[in-house]
Amino acid sequence: MDSSIDILCQINFDKLHLLAGVRHSNFNVGNVYGANLNDSHSNTSKVSYKLGGAYDLTQSIAPFVGYTESARVPTNAYGLVNPKVEEAKQTEVGVKFKNQNGITATVAYFDLKRSNVVVTDPNTYLPYQVGGQESKGLDLDLNWRVNASWQWLTAYTNQTAKVTENSYNRTSVGKQLFNVPEQSLRLATRYDIKSGDYTGLGFGLGATHSSKLPGDAANSYFTQAVTVWDAQLSYKKNNARYGVYVNNLFDKQYFRPSAYFGGGQVMPGLPRTIMATAQFSI
């Protein structure tokens, strides 16, 4: 059972906006497995902090900075005796743009450090907690509304994600994190007809790209980079909305790393998938 107490304070000084918070968490976790596996128990507490600030340079541009801590106790990690609290600390600095010629965007540099992360030993298939992992890089989220009917969406991440400390397996230090891409990109566009005989009809097209992925913690092999397309068609009339969504539009054949037994295997990506929906509101 987990319990926490949160205190959050936000103060605005004209163009300057400040945020501060503190959380006190109690963790009382017990996993009983039986057979030949070890039970795990944890009864501890942790104080985490949150700090942030933003400044309105103009009505449309605001640089910001933030620092966040979080904590949790691993659960369902069979064989992990008396697990430690898994901690994360993230620093972020960036700029937000609002309605700049129809563009709303956030550009930010982030640095996330994690400790006591649970991973699986590839030899015994039992979990253990590594010393540390770090992910840092650049994030971009952009929404461009060309006009009332047409918009574009873009999300891009370029990051370095690696093991920084591992007292159990020092050879893993510096390795890219399992199943984490160095680059990922999402690009999509949508057009909704607002007037005329076809009012309510909308359609969209998008693509998701991922760079190559480590297939195991040792980085002994990588799956290929892949780009998968998707499409959507919808129609809204009165209180009803109907839609057809197609994932993997061109039925791209590719493989992704599998986390089964800690990695080391691959599984095929989903083939072309078509889904139809109907929504009604009163």
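Residue numbers start at 1 and run along the sequence shown. Just so you know, these numbers use all the heavy atoms, side chains as well, and skip hydrogens, waters and symmetry mates.
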What's the verdict on side-chain contact (heavy atoms from CB on, under 4.5 Å) for Thr223 and Arg256, showing C-alpha distance, side-chain angles and the deciding distance?
CA-CA 6 Å; Thr223 59; Arg256 311 290 280 181; 5.5 Å; no

Same hydrophobic cluster for Leu8 and Ile5, using side-chain heavy-atom links shorter than 4.5 Å among ILVMFWY?
no

OG-CD distance between Ser210 and Gln224, expressed to the nearest 0.5 angstrom
9.5 Å

In the structure I gave you, are the side-chain heavy atoms of Gln159 and Phe110 within less than 4.5 Å of one another anywhere?
yes

Counting N and O atoms only, with roles assigned by atom type, does the side chain of Gln129 sit under 3.5 Å from a partner on the main chain of Lys84, one being a donor and the other an acceptor?
yes

Can you tell me how far apart CD (Gln279) and NZ (Lys236) are? Round to the nearest 0.5 Å.
9.5 Å

With Lys212 via salt bridge (charged side-chain N to carboxylate O under 4.0 Å, His left out) - residues at least two apart
none

Roughly how far, to the nearest 0.5 Å, is the CG atom of Leu177 from the OG atom of Ser172?
10.0 Å

Partners passing side chain to side chain donor-acceptor pair (under 3.5 Å) against Lys46 (at least two apart in sequence or in another chain):
Glu87

Where the side chain of Asn219 meets the backbone of Lys175, is there a donor-acceptor pair that is under 3.5 Å apart?
no

Check whether Trp152 and Leu142 end up in the same hydrophobic cluster, where Ile, Leu, Val, Met, Phe, Trp and Tyr are linked by side-chain heavy atoms less than 4.5 Å apart.
yes

In the hydrophobic clustering (ILVMFWY, side-chain contacts below 4.5 Å, transitive), which residues join Trp229, or is it alone?
Leu205, Val244, Val246, Leu249, Phe250, Ile274

Sub-4.5 Å side-chain heavy-atom contact between His24 and Ser45
yes

So which heavy atom on Phe178 is nearest to which on Ser258, and how close?
CZ-O, 3.4 Å

Who pairs with Thr189 by side chain to side chain donor-acceptor pair (under 3.5 Å), at least two apart in sequence or on another chain?
Trp150

Is the shortest side-chain heavy-atom distance between Thr227 and Thr208 below 4.5 Å?
no

Is Leu153 close to Asp141 at the side-chain level, that is, under 4.5 Å between some pair of heavy atoms?
no

Looking at every non-hydrogen atom in both residues, tell me the closest pair between Phe64 and Ala108 and how far apart they are.
CZ-CB, 3.9 Å

Side chains of Ser211 and Glu182: any donor to acceptor distance under 3.5 Å?
no

Indicate, with yes or no, if Tyr191 and Leu233 share a hydrophobic cluster defined by side-chain heavy-atom contacts under 4.5 Å among Ile, Leu, Val, Met, Phe, Trp and Tyr.
yes

Once salt bridge (charged side-chain N to carboxylate O under 4.0 Å, His left out) is applied, what residue pairs with a partner in residues 50-74 remain, sequence neighbours excluded?
Arg72-Glu86

Shortest non-hydrogen contact between Asn179 and Pro181, atoms and distance
O-CD, 3.9 Å

Linking directly or through intermediates, with side-chain heavy atoms under 4.5 Å: list the remaining ILVMFWY members grouped with Val226, chain and number order.
Val228, Tyr254

Take atom OH of Tyr49 as the centre, draw a 6.0 Å sphere, and report whether it contains more than 12 heavy atoms from other residues, nucleotides or ligands.
no

Just jot down the side chain to side chain donor-acceptor pair (under 3.5 Å) partners of Gln183, sequence neighbours excluded, or say none.
Tyr156

Check the pair Thr154 / Trp144 against side-chain contact (heavy atoms from CB on, under 4.5 Å), numbers first and verdict last.
CA-CA 9 Å; Thr154 300; Trp144 178 29; over 6 Å; no

Could you list the residues that satisfy side chain to side chain donor-acceptor pair (under 3.5 Å) with Asp192, not counting sequence neighbours?
Arg190

Within-4.5 Å side-chain heavy-atom neighbours: Tyr242 and Phe280:
yes

Would you say that Leu201 contacts Ile193 through its side chain, given a criterion of any heavy-atom pair below 4.5 Å between the two side chains?
yes

For the student: nearest non-hydrogen atoms of Ala225 and His209, plus distance:
CB-CE1, 4.1 Å

Residues passing the salt bridge (charged side-chain N to carboxylate O under 4.0 Å, His left out) test with Arg186, sequence neighbours excluded, are Asp230

Examine Leu138 and Leu140 and state if one hydrophobic cluster contains both, with Ile, Leu, Val, Met, Phe, Trp and Tyr joined whenever side-chain heavy atoms are less than 4.5 Å apart.
yes

Do you know the tightest heavy-atom contact between Ala88 and Leu112?
CB-CD1, 4.1 Å

Please output the side-chain donor-acceptor pairs of residues 89-105 that fall under 3.5 Å, not counting sequence neighbours, one pair per line with the distance.
from   : atom 1 : to    : atom 2 : distance (Å)
Gln100 : OE1    : Ser60 : OG     : 3.3
Thr104 : OG1    : Asn99 : N      : 3.4

Which distance, rounded to the nearest 0.5 Å, do you find between the CG of Asp139 and the OG of Ser184?
7.5 Å

Tell me, which pairs form a side chain to side chain donor-acceptor pair (under 3.5 Å) where one or both residues lie in residues 268-278, sequence neighbours left out?
none

Hey, does the side chain of Asn116 reach the backbone of Val85 with a donor-acceptor pair shorter than 3.5 angstrom?
yes

Which heavy atom in Ser149 sits nearest to a heavy atom in Lys194, and how many Å separate them?
OG-CG, 3.2 Å

Can you name the salt bridge (charged side-chain N to carboxylate O under 4.0 Å, His left out) partners of Asp6, sequence neighbours left out?
Arg23

To the nearest 0.5 Å, atom NZ of Lys237 lies from atom OG1 of Thr199 at 8.0 Å

Flag yes if Val180 and Tyr221 sit in one hydrophobic cluster, no otherwise; membership is Ile, Leu, Val, Met, Phe, Trp, Tyr, and two members link when side-chain heavy atoms are under 4.5 Å apart.
no

